[in-house]
Each structure stands twice: as C-alpha cells, then as structure tokens.
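Please find one structure pasted underneath; my questions will follow.
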2 protein chains.
Amino acid sequence: MRKDSRLSRMLHVLIHMNQLDAPATSEKIASMLNTNPVVVRRTMAGLRDKGYVTSVKGHGGGWSLVMALSDITLLDIHNALGESSVFTIGLSDEHTSCPIEIAVNQAISDVLIEAEALLLERFREVTLDVLAAGFADYPLNQQASSGE
Amino acid sequence: MRKDSRLSRMLHVLIHMNQLDAPATSEKIASMLNTNPVVVRRTMAGLRDKGYVTSVKGHGGGWSLVMALSDITLLDIHNALGESSVFTIGLSDEHTSCPIEIAVNQAISDVLIEAEALLLERFREVTLDVLAAGFADYPLNQQASSGE
DNA sequence: TATTAAATAACATCATAAGTTACATGAAAT
DNA sequence: ATTTCATGTAACTTATGATGTTATTTAATA
C-alpha cells in the first residue's frame with residue numbers, strides 16, 4: 001500500500017530552512033526533494049495556513065519559517081498536512097445494520113483509536129529543535145552545526 | 001488515502017461461517033461482501049495457508065473454519081492477510097546520508113514502532129468468539145444466538 | 001517595465017488495489 | 001464415464017487517488 005512521506009519530507013525541509021538566512025524558493029525545495037515546485041507549494045500551503053511558514057512572492061521571495069523550531073512539534077506538522085487517518089486499515093460498510101459487522105468494526109475501531117492516540121501523543125512530545133540537535137551530534141557536521 | 005478493509009471483512013465472514021454447518025462457497029461470500037469470488041479466494045488463501053480455514057473443491061465444497069473462534073485472534077487474521085505496515089505514514093529516502101533526514105526518520109520511526117506494537121498487542125488480546133458474543137447481545141438476534 | 005516567484009486551475013501520469021476473464025484441477029453427483 | 005460444481009491461478013482490465021506537469025494569473029522587487 002502506498003505511503004505518504006510528506007511528514008518526513010516537510011520536517012526535513014523545515015529544519016534545513018532554519019539554517020538559511022534567506023527564503024527558500026519552491027524550486028530549490030523541489031530539487032532537494034526530487035519533486036516539482038507545484039507539489040511543494042501544494043504541501044507547504046497547509047503549513048502556511050497554520051502559521052508555521054510564510055510565503056513571499058517576487059524577487060527574493062520564497063518560503064520562510066515563522067517561529068523557532070522549538071515551537072513546532074511533529075504533531076503540528078502532521079495536523080497541518082491534513083491527512084485524515086494514519087492507518088491503512090479501514091472498516092467495512094456493506095451491512096451497517098449487521099450486528100456482526102458492527103461488533104467487528106467496533107473492536108477494530110477501539111484499537112485504532114487507542115493506537116492513534118498514542119501516536120499523536122508521541123508526535124506532540126517531539127519538537128523540531130530536538131531533531132536538529134540530533135543532527136548536530138552527527139560527526140560529519142560538527143563544524144557546520146557549531147556555526148549555527 | 002485508500003483503506004484496506006480486508007481485516008474487517010474477513011472477520012465478519014469468519015464469524016458468519018461459524019454459524020453455518022456447510023462450507024461457504026466463494027460465490028456466496030463474494031455476494032455477501034459485494035465483491036467477486038476470485039477476490040475472495042485470493043484473500044482467503046492467506047487464512048488457509050495459516051491453517052485457520054480449509055477449502056474444498058467440487059460438489060459441496062467451499063470454505064470452512066478449521067478451529068473454534070476462541071482460538072483465533074484479530075492479530076492472527078491481521079497477520080494472515082500479510083499487509084506489511086498498518087500506517088499510511090512513510091519515510092523519505094532522497095538523502096539517506098543526510099543527518100537531518102536520518103534524525104527525522106528515526107523520530108518518526110520510533111513513534112510508528114511504538115504505536116504499531118500497541119496495536120498488535122491489542123489485536124492479540126481479542127479472540128473472535130468475543131466479537132460473536134457481542135453479536136449475541138444484540139436485541140434483534142437474541143433468538144438466533146440462543147439457538148447456537 | 002522586466003524579472004522573479006508564489007497561487008491556482010486544469011490536466012496527465014503512475015502506482016496499486018480491486019475486479020474480471022479464462023482456463024486448469026479436482027471432487028462429487030448422475 | 002461424464003457432467004457439474006467449486007477452487008486455484010495466471011493474465012489482464014479497471015478504478016482510484018496521489019503525484020507530477022503545464023499554463024496562466026498575481027504580486028513584489030530590481
């Protein structure tokens with residue numbers, strides 16, 4: 001089943017953006033992600049609507065972070081991307097009045113709700129600066145990160 | 001994103017099969033699920049390979065439960081369906097040596113692993129007879145369930 | 001006013017799950 | 001024996017939804 005890697009990609013982009021002093025154009029972000037500027041705009045639009053980044057048109061324009069990485073959690077970005085459910089597992093709906101279908105769906109749904117609650121709670125506990133700090137620990141980038 | 005309702009559907013089918021005294025044909029199961037006999041065979045094949053059901057060709061043939069519902073858990077059927085991951089969330093892999101990508105993916109992966117472990121544990125705790133019992137409690141089916 | 005870059009609509013491509021057709025295998029009824 | 005019924009499986013088609021692309025508009029700076 002298809003995977004949605006937008007969360008991973010956007011986190012990656014945001015942390016890189018934090019290290020820049022000028023806005024990043026959709027073009028640059030796209031080439032970094034091996035994708036297309038329009039796809040970048042489409043995805044970043046959700047983050048802009050929630051206030052995590054801004055976009056500026058014209059010369060010197062592009063995308064910029066609005067707040068510190070320490071003020072953004074994985075959950076924030078996850079929510080901003082607006083994916084309905086994190087699970088590939090769905091419920092049947094052929095016989096919505098069949099008590100067996102109801103019992104089965106209720107059981108599955110209970111589990112999905114609990115697991116999703118845990119996942120969202122964990123996402124809420126991680127801020128982006130922590131991920132950037134993990135990056136600073138990486139040997140190859142000691143000098144680059146010490147300059148930040 | 002697309003949902004996989006095979007778990008829900010198969011559980012539904014297995015509990016109904018438990019109430020029958022003759023094998024259920026792929027045709028019958030398919031019409032119950034508003035789908036196609038070949039799709040049913042394809043899906044049930046996984047359950048057969050794990051020993052939860054048998055299939056018999058020819059006259060009077062079809063699919064039968066091999067064991068009691070109390071011996072089958074949601075996890076058993078989930079595993080038998082052979083879906084790799086329960087999450088729609090995936091990781092990026094454009095820059096596998098970029099320490100930021102690594103840190104981001106590690107953080108997401110940690111959360112997914114923990115949430116999936118919880119989900120599988122909960123699936124492991126539920127046997128199909130419990131779902132069938134929930135069905136027995138349902139007012140409309142008091143008489144049907146008392147005859148079982 | 002020319003250039004740069006986002007905003008957005010409309011359309012095309014691609015991946016993959018589900019559905020379908022066709023034929024082979026095997027078991028039971030006649 | 002032969003017909004019928006039902007699964008097994010390969011090969012192909014369809015449907016869906018995300019991603020990618022093109023084209024045009026809007027707005028900001030050089």
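In what follows, chains are A, B, ... by sequence order, proteins preceding strands, each numbered from 1. Quantities reported herein were computed from a predicted structural model and do not represent experimental measurements.
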Task: Interatomic distance where CE belongs to A:Met1 and C1' belongs to D:dA18 [whole Å] - done: 13 Å

Task: Where at least one partner belongs to residues 20-62 of chain A, residue pairs that pass ring pair (Phe, Tyr, Trp, His ring centres under 6.0 Å), sequence neighbours excluded - done: none

Task: ring pair (Phe, Tyr, Trp, His ring centres under 6.0 Å) partners for B:Phe123, two or more places apart - done: B:His78

Under 3.5 Å, which donor-acceptor pairs link side chains of residues 25-42 of chain A to any protein atom two or more places apart or in another chain?
| from | atom 1 | to | atom 2 | distance (Å) |
| --- | --- | --- | --- | --- |
| A:Thr25 | OG1 | A:Lys28 | N | 3.1 |
| A:Ser26 | OG | A:Arg41 | NE | 3.3 |
| A:Ser26 | OG | A:Trp63 | NE1 | 2.8 |
| A:Ser31 | OG | A:Lys28 | O | 3.1 |
| A:Asn36 | OD1 | A:Val38 | N | 2.8 |

Task: Partners passing side chain to side chain donor-acceptor pair (under 3.5 Å) against A:Asp4 (at least two apart in sequence or in another chain) - done: A:Arg6

- [ ] Using the test side chain to side chain donor-acceptor pair (under 3.5 Å), find all partners of B:Ser85 that sit at least two apart in sequence or belong to another chain.
- [x] A:Lys3

Task: 5' to 3' contact window, DNA chain C with chain A (heavy-atom distance under 4.0 Å) - done: C:dT3 to C:dA17

Task: Residues in contact with DNA chain D, drawn from residues 4-14 of chain B - heavy-atom cutoff 4.0 Å - done: none

Open item on the list: Can you pull out every side-chain hydrogen bond (donor to acceptor under 3.5 Å, both in side chains) where at least one residue sits in residues 102-115 of chain B? Sequence neighbours excluded, please.
Closed with: A:Ser8-B:Asn105, A:Arg122-B:Glu114, B:Gln106-B:Asp110

Open item on the list: Through direct or indirect side-chain contacts below 4.5 angstrom among Ile, Leu, Val, Met, Phe, Trp and Tyr, which residues connect to B:Leu118?
Closed with: A:Leu118

- [ ] Please check if any side-chain donor atom of A:Asp76 sits under 3.5 Å from a side-chain acceptor atom of A:Thr73, or the reverse.
- [x] yes

Task: nucleotides 3-12 of chain D: protein proximity per nucleotide (B base, S sugar-phosphate only, - neither; heavy atom, under 4.0 Å) - done: -BBBBBBBB-

Task: Partner set under side chain to side chain donor-acceptor pair (under 3.5 Å) for B:Glu121, not counting sequence neighbours - done: B:Arg124

Open item on the list: I'd like to check the side chain to side chain donor-acceptor pair (under 3.5 Å) partners of B:Thr88; sequence neighbours left out, ordered by chain and number.
Closed with: none

